[in-house]
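Reviewing the structure listed below.
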Amino acid sequence: MTRLRLRSVLLRCCLLGALISATGPSRAAPPPGGAPPAAAALRQQARIAFFGRRWADAEARFEAALAAPDAAGMTEVQLAEVLGYLGLSELEQGKHREAAEHLGESLEHDAALKEPLVRRFTAGFNKALEHVGRIYVAAAPPDAEVLLDDEPIGTGATVLELFVDPGKHTLRARLPGYEELSHRVEIAGGATVGATLTLSRVAPPPPPAPEPSAKKSEPVAPAAAPPGPWASWPGTLRIAGLAVTTAAISSGTVFMLRANVLDGDIDERGDGLDRDPAWTSDACRQVPQPSACPELHRLRVQRDTSRALGAALVATGVVVGAATVVSFFAGSSSPRAKAAPAALHVLPVTTAQQIGVVALGAW
């Protein structure tokens, strides 16, 4: 009996071990759906931290979601929400420059966002702009590298929009074969300025002096014909003038076209609101304001800024172009006059109180 019981116990132990070995791998295997994508998990964690008012934690997780390997798979709505909530997290921590950059990028996709989020991100963007300065930079030639406080920010192929902390900042443009140009900007919070950086080609080195010779002097050659307008006036200055004219007028045209598009959007939204019986012309002056008022205000600010910059850049192009044309006649009228080295820097400037152009240098 004792042997039978011992044999029964051993048999049960063997069966239990076999059952454990058979079921162990299946418990260790991952779920059929697999692990969630890194970006999706980080977005969820960031939203939990945001609504829990843990701003630093939310900022870090939103940035990690943007840098995740599968971040390129995010939809336009998801990307706009991540950028917007990241900007709000930075705004709560007093990081106004970063908040303005991320909220501005989010509002570029405002068509994909729901109206409450558009209003919330727009309010945060306007609040951040009160504490930072905005600089629009144009550079020529288009492939010139532009730097802000020695940090590369892009090229002259497009007009760059920069958000900076109030104070003094240095803009530089450089390109091999051209003289490097530096421009100092001082800006206050809530202000907007423009800067144009136009590079001039490096002058070729002078030819080497002829070596002394004991031979008899050769007959003097006949005097050369008087130099043309390109030689009597520094050619590099005329090339720079043409480049400034082209870049300024092209950029100004782009801004004015953008202002027209925004004006059309404002009219279209206004027509839609006029069909609402509850809407009146002074509805935005009431308290509380209707939900459409912040969006209309944002569109009007963007339209006015684009129109002002466009007008300033076109005016700059016209002034520089006219001066360049005059230089041809001035050079041809006095071929023997020796041109002094000169440089011209034209800067469009816009603030809340005025619009104008500042020209530094001499022709």
Asp149 side-chain N/O to His169 backbone N/O, donor-acceptor pair under 3.5 Å: no
Met256 backbone acceptor or donor facing Ser306 side chain under 3.5 Å: no
Residue pair [X] / [Y], side-chain heavy-atom distance below 4.5 Å:
X	Y	value
Leu313	Ile249	no
Thr170	Asp150	no
Val254	Val159	no
Tyr136	Ser251	no
Val146	Arg172	no

Parallel, tilted or perpendicular: rings of Phe50 and Trp55 (30°, 60°): perpendicular
Plane angle bin for Tyr85 and Phe121 - parallel if under 30°, tilted between 30 and 60°, otherwise perpendicular: perpendicular
Taking a hydrophobic cluster as the set of Ile, Leu, Val, Met, Phe, Trp and Tyr residues connected by side-chain heavy atoms closer than 4.5 Å, whether directly or through intermediates, do [X] and [Y] fall within one such cluster?
X	Y	answer
Leu171	Tyr178	yes
Leu197	Leu148	yes
Val82	Leu117	yes
Leu107	Leu162	no
Leu79	Phe125	yes

Just verifying a value: how many Å separate [X] [atom1] and [Y] [atom2], rounded to the nearest 0.5 Å?
X	Y	atom1	atom2	answer
Arg97	Glu90	CZ	CD	9.0 Å
Asp110	Glu115	CG	CD	9.0 Å
Glu98	Phe163	CD	CZ	12.0 Å
Asp143	Leu199	CG	CG	9.5 Å
Glu108	Glu105	CD	CD	6.5 Å
Leu88	Leu83	CG	CG	11.0 Å

Do you know which two heavy atoms are closest between [X] and [Y], and how far apart they sit?
X	Y	result
Leu113	Val77	CD2-O, 4.3 Å
Asp263	Arg307	OD2-NH2, 3.8 Å
His96	Leu91	CD2-CD1, 3.7 Å
Leu103	Gly84	CD2-O, 3.4 Å
Ala100	Val132	CB-CG2, 4.3 Å
Leu66	Leu86	CD1-CD2, 3.9 Å

Crowding at CZ, Arg53 (>12 non-hydrogen neighbours, <6.0 Å): no
Glu81/Arg43 salt bridge by N-O under 4.0 Å criterion: no
Verdict with reasoning, Val137 to His183, per side chain to side chain contact (heavy atoms under 4.5 Å, CB included): CA-CA 11 Å; Val137 183; His183 178 63; over 6 Å; no
